[in-house]
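Read the structure below first, then the notes.
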Amino acid sequence: MKTLEEIKAIRKEMEGTVGYRSEESEYTRIVVGMATCGIASGAKPVLDAITDEVVKRGLDHVKVTQTGCIGLCQYEPVVEVYEPGKEKVTYIKMNPGKAAEVMEQHIMGGKLAENYMLHEKESNACLRSLNESVFYKNQERIALRNCGVIDPEKIDEYIATGGYEAIHKVLTEMTPDEVIQTVLDSGLRGRGGAGFPTGLKWRFASGNRGNVQKYVCCNADEGDPGAFMDRSVLEGDPHVVLEAMSIAGYAIGSNQGYIYVRAEYPIAVKRLQIAIDQAREYGLLGKNIYNTGFDFDIELRLGAGAFVCGEETALMTSIEGNRGEPRPRPPFPAVKGLFESPTILNNVETWANIPRIILNGAEWFAAMGTEKSKGTKVFALGGKINNTGLVEIPMGTPLSTVIDDIGGGIPNGKKFKAVQTGGPSGGCIPAQYYDIPIDYENLASIGSIVGSGGMIVMDEDTCMVDIAKFFLQFTVDESCGKCTPCRVGTKRMLEILEKITKGQGEMEDLDRLEKLAGQIKQNALCGLGQTAPNPVLSTLKYFREEYIAHIRDKKCPAGTCRALTTYKIDPVKCKGCTLCARNCPADAITGEVKTPHAIDTAKCIKCGTCIEKCRFGAIYKE
């Protein structure tokens with residue numbers, strides 16, 4: 001067990017070895033992004049190549065380490081160099097060969113390898129680090145503060161950035177009720193979707209401390225399409241979740257926590273288990289933490305990828321070893337939750353805010369955001385956007401700032417059409433709300449939700465009927481089947497959408513969709529079913545003309561729905577190069593060399609290969 005003095009000694013010793021204080025370091029630190037996004041892009045061979053170069057050249061003053069997601073995922077693999085007394089340098093889209101050149105030119109020669117640094121498109125200026133890019137300038141990192149900075153598999157690096165100070169503060173300076181009041185005063189709301197006040201949830205479960213077994217749970221069962229915020233925190237800063245759960249355990253009188261994480265997150269699972277083992281070794285989990293008499297331990301439970309287990313009661317049922325199905329509420333988990341005991345459940349991002357709130361104070365956190373939506377929110381920005389990755393912004397930031405500034409706008413000069421937030425439970429925000437401030441109340445007022453933080457951007461080529469069908473198909477597949485409104489109702493809605501996208505719809509189908517949606521929202525057992533109609537309702541509200549075009553005109557305005565799309569060749573633009581015919585998998589294109597070609601619509605499978613191959617823009621969809 002480590003004493004407070006030993007923890008402080010570790011912090012002092014490590015201060016100069018992490019990115020926050022590189023000016024005090026005696027070492028050059030080379031950091032490679034080794035989150036899922038980096039590894040999938042080839043970061044492991046890059047890390048190995050740099051390590052081999054350091055060993056081969058005998059560079060004792062250079063330390064090579066891994067880190068989590070740096071944020072701008074499209075530029076992975078990312079390598080960052082911290083030199084004493086200098087600002088860090090970021091190299092993007094690395095491979096082993098490029099890494100060797102960086103070692104030769106920068107580390108050995110002292111000259112920046114500008115060819116491998118980020119260049120802003122507008123000015124073509126070479127940026128020293130990603131922190132100088134428009135992607136980061138409008139961000140405020142709290143939950144993500146350590147991601148991309150520390151080695152997530154080394155507890156000492158977490159300690160060096162102030163880790164495990166907050167739990168010591170609450171154990172030695174604060175009563176449990178003072179901890180809860182601090183969280184209440186901060187205005188922190190649950191970041192998992194519903195936005196329920198975190199401190200209020202803790203207060204509900206705080207009675208009878210010491211007399212009743214209680215549990216603290218972390219929902220790491222992130223399942224929304226396009227969402228990867230929680231995974232990135234777990235891969236980049238797992239100790240922050242452990243510390244936060246310990247604080248909650250002290251606040252409500254619990255000695256046991258569970259982290260429910262999906263098995264499809266193997267890197268997160270591995271790093272969580274390493275973090276738990278390290279915290280136990282240091283005496284920061286387990287018995288008598290900081291010699292205060294407080295006991296708290298954490299165990300992992302792996303989920304099988306069922307989306308419904310993101311619902312709190314289904315998650316607890318799964319932890320108990322049963323089929324993951326929701327329970328009727330009330331009673332709520334704060335009264336009767338895991339193993340029929342009082343339980344609090346927060347998601348990963350919510351937990352990641354807790355230690356900083358304790359250390360910096362409720363007023364500090366409450367000063368960010370809006371009147372009713374305090375602090376920051378992490379979003380996974382994806383879809384038709386130039387800059388994809390993790391974004392953490394103050395609540396109330398305009399959507400246009402996220403799209404135009406942080407996201408870098410829509411690719412290929414296309415027009416912005418909509419953004420989908422909140423995953424299958426959310427809705428589509430149309431262009432007319434392009435400047436809407438992003439917070440719980442504003443998004444709810446237009447039929448969407450903040451949700452856990454998925455943000456999928458769509459351009460003019462997106463069919464909104466098809467988008468609604470995609471999300472409803474996901475919900476149908478993921479329904480546990482326990483209640484009829486969700487099990488049957490969503491299936492009937494999906495069948496209607498499939499009719500419409502095949503050109504077989506009737507105008508009466510729009511009324512049927514709205515009627516079914518209302519019945520499902522009112523009668524489904526859990527949040528999955530109650531919110532399942534949201535993507536359909538929001539697209540019907542803001543893009544009704546597209547539904548009508550599919551039904552009345554038998555046309556898909558975006559040219560996405562295959563049954564309603566015909567591929568044609570413009571004889572004026574066609575040069576007869578034969579490239580389209582040679583690549584057509586269905587042999588549907590005919591024509592002589594240097595003469596206009598034609599498409600046999602009976603044979604055409606509408607795969608789009610011809611459009612991709614045509615160099616003259618002669619092929620189009622109608």
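At a threshold of 4.0 Å, the pair K88-E80 counts as salt-bridged, since one of the basic side-chain nitrogens sits closer than that to a carboxylate oxygen. Note on E441 versus R189: salt bridge recorded, some NZ/NE/NH1/NH2 to OD/OE distance being below 4.0 Å. Salt-bridge formation is detected for the pair D459/K384: a Lys NZ or Arg NE/NH1/NH2 atom is positioned less than 4.0 Å from an Asp or Glu carboxylate oxygen. A salt bridge is defined here as a Lys NZ or Arg NE, NH1 or NH2 lying under 4.0 Å from an Asp or Glu carboxylate O, and K469 with E546 fails to meet this definition. Using a 4.0 Å cut-off between charged nitrogen and carboxylate oxygen, R231 and E235 count as a salt-bridge pair.
Here the options are R552, R492, K499, K502, the test is salt bridge (Lys or Arg N to Asp or Glu O under 4.0 Å), and the partner is D509; only K499 passes. Each of K417, K415, K414 was compared with D461 under the salt bridge (Lys or Arg N to Asp or Glu O under 4.0 Å) criterion, and only K414 meets it.
Remark: S538 OG to L443 CG distance equals 11.5 Å, nearest 0.5 Å. Between atom OG of residue S452 and atom CE of residue M229 there is a gap of 4.0 Å, rounded to the nearest 0.5 Å. Here the straight-line distance linking atom CZ of F204 with atom CZ of F196 works out to 4.5 Å at 0.5 Å rounding. How far CG of L497 is from OG1 of T539: 7.5 Å, rounded to the nearest 0.5 Å. With rounding to the nearest 0.5 angstrom, the OG1 atom of T370 is 7.5 Å from the CG atom of N442.
In terms of the ring pair (Phe, Tyr, Trp, His ring centres under 6.0 Å) criterion, Y136 has no residue partners (sequence neighbours excluded). Remark: Y116 engages no residue in a ring pair (Phe, Tyr, Trp, His ring centres under 6.0 Å) (not counting sequence neighbours). Applying the side-chain hydrogen bond (donor to acceptor under 3.5 Å, both in side chains) criterion to T565, with sequence neighbours excluded, gives no partner residue. Looking at residues two or more places apart in sequence or on another chain, you find a side-chain hydrogen bond (donor to acceptor under 3.5 Å, both in side chains) between Y434 and D404. The ring pair (Phe, Tyr, Trp, His ring centres under 6.0 Å) test applied to F474 returns F307, not counting sequence neighbours. Taking H550 as the reference, nothing meets the ring pair (Phe, Tyr, Trp, His ring centres under 6.0 Å) condition, with sequence neighbours excluded.
Side chain of E478 to backbone of V308: no donor-acceptor contact under 3.5 angstrom is found. Checking side-chain atoms of T90 against main-chain N and O of M117 turns up no donor-acceptor pair under 3.5 Å. Listed for the E349 side chain is no donor-acceptor partner under 3.5 Å among the backbone atoms of A143.
In plain terms, the two heavy atoms of E222 and F228 that are nearest each other are OE1-CA, 3.4 Å. Of all the heavy atoms in T376 and E140, the pair that sits closest is CG2-O, 3.6 Å. Closest non-hydrogen pair, P333 versus M316, comes out as CB-CE, 3.5 Å. Nearest heavy-atom pair across I357 and T182 is CG2-CG2, 4.0 Å. Shown here for T490 and T475, the closest heavy-atom pair between the two residues is CG2-CG2, 4.4 Å. Closest non-hydrogen pair, C428 versus Y542, comes out as O-CD1, 3.8 Å.
Between F365 and N360 there is no side-chain heavy-atom pair separated by less than 4.5 Å. Within the 4.5 Å cutoff, the side chain of P424 has no heavy atoms near those of the P535 side chain. Looking only at side-chain heavy atoms (C-beta outward), E312 and L315 stay at 4.5 Å or farther from each other. For the pair N146/H239, no side-chain contact is recorded, criterion being any heavy-atom separation below 4.5 Å from C-beta on. E87 is not listed as a side-chain neighbour of N131, based on a closest heavy-atom distance of 4.5 Å or more. Looking only at side-chain heavy atoms (C-beta outward), I358 and P355 stay at 4.5 Å or farther from each other. By the 4.5 Å heavy-atom criterion applied to side chains, S232 and C147 are not counted as neighbours.
Between the side chains of N534 and S425, not a single donor N or O lies within less than 3.5 Å of an accepting N or O. Side-chain polar atoms of T350 and N347 form a donor-acceptor pair below 3.5 angstrom. Looking at Q473 and D477, their side chains do bring a donor and an acceptor atom within 3.5 Å of each other.
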side-chain contact (heavy atoms from CB on, under 4.5 Å) evaluation trace for E120 with L127
CA-CA 7 Å; E120 291 279 27; L127 303 186; 3.4 Å; yes
